[in-house]
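Some notes on the structure that comes next.
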Amino acid sequence: MGLMDWIKAADYGVALPAISKLPRALAYGLADLRGRMLACAHRDSFAWASRNVESTFPHLSAGEHRRIVIGHYQAESRNEMEAFWYPNPLDDLQSFVRCAGLDTLREAAASGDGVLLFSSHMGSTGLFFVFTGKSGVPMNIVGRSIEPEDNPLHRSVLRYNRKRVRWIETAIGHPFLMTGRGNYSRLVEKLRAGEVVMMLADVVPTLVNPKHTTEVTFFGRRAWFPNGIASLFFATASRLLHWRIRRSTETGHQEIEISEVTDSFRPAADRAEFMQKLVGLLEQDIRRYPDHWLSWDSLEHYFRKPEG
């Protein structure tokens, strides 16, 4: 194995599981230190993220720009470390996770109307899936395959991600629904059957069919977003719930907020109006907690019109 192979194997096979076994406050401290190291190691990604943060928040100081960029690597590092806590019982998760709106999600899931649950790639998304699943809300998560033919990964990272996916699937009570041909009709069936479907709505448009994107305004610029969630909403009349998760620097808790937004989206006349409302909501979250958004190094991709 080359040097990079050894580093990846040590990081995902030794360091992350070892960190997760430490007292929680120390584990988070070391995960944040690992995030700083990742920021230094990924020079190209760091440079892109820095330029994007600076152009998005020109009124902030250079120090604030750097804090946001490093923070988004730390958020990803925490997200990866927490995977080793997914098999823990619910009462352990409840010791450091606070959830506002869980009863709203439970009521919507039990209504039989079908639930479209959405957010962006912010913070500890996996922890949200596991916590809500173990709290009694089974859901169907729409995701992309991690297997080599679809998204080549280093073998150590691939082994880690396979375990992570398996732990999440156990918690939510369903296997992931992978994107691809036939996926839309399966999602329609599940929503019409009253199930919960979870989608992260800020997928980079270059990863989807250009026909399935809609032009919107994002951070004051012309942008394109995948519109599958809008199509499902109009096709099924499902209830629409928005969620976010962030780690509080004051309490050290992971804080989840879930709210129903169905009524504010019902007046939307078409997919374009729906998607603009949705992107506006995601942008509010990103502006509020910019150090938790995991896609700063990919921001420019949203502003490039998909070809085809």
Could you check whether Arg244 makes a cation-pi contact with Tyr289, meaning its NZ or CZ is under 6.0 Å from the centre of the six-membered ring and within 45° of the ring axis?
no
Can you tell me how far the NE2 atom of His292 sits from the OG1 atom of Thr125, to the nearest 0.5 Å?
11.5 Å
Arg51 to Trp48 six-membered ring, cation-pi geometry met (6.0 Å, 45°):
yes
Check the surroundings of atom CG in Asp263: do more than 12 heavy atoms from other residues, nucleotides or ligands lie under 6.0 Å from it?
no
Considering all heavy atoms of both residues, which atom of Tyr86 and which atom of Leu127 are nearest to each other, and what is their separation?
OH-N, 3.5 Å
Salt bridge or not for Arg98 and Glu255, using N-O below 4.0 Å?
no
Under a 4.5 Å cut-off applied to non-hydrogen side-chain atoms, are Asp297 and Phe46 in contact?
no
With a cut-off of 6.0 Å (strictly less than), are more than 12 heavy atoms of other residues, nucleotides or ligands near CG of Asp270?
yes
Below 4.0 angstrom, N of the basic side chain to O of the carboxylate: do Asp92 and Lys134 qualify?
no
Will you find, in the side chains of Tyr28 and Gln74, an N or O donor that is under 3.5 Å from an N or O acceptor?
no
Taking the six-membered ring of Phe225, is NZ or CZ of Arg271 closer than 6.0 Å to its centre and within 45° of its axis?
no
Lys/Arg-Asp/Glu bridge criterion (N-O < 4.0 Å) met for Arg106, Asp103
yes
Is there a side-chain contact between Asn140 and Leu187 in this structure, where contact means two heavy atoms from C-beta onward sitting under 4.5 Å apart?
no
d(Phe118 CZ, Asp202 CG) to nearest 0.5 Å is 11.0 Å
I'd like to know if Glu76 pairs up with Arg34 as an ion pair, taking the criterion as any Lys NZ or Arg NE/NH1/NH2 lying under 4.0 Å from an Asp or Glu carboxylate oxygen.
no
Carboxylate-amine/guanidinium contact Glu283 Arg287, below 4.0 Å
yes
In this structure, are over 12 heavy atoms from other groups packed under 6.0 Å from Arg66 atom CZ?
no
Report yes or no: do Tyr73 and Ser45 form a side-chain donor-acceptor pair below 3.5 Å?
yes
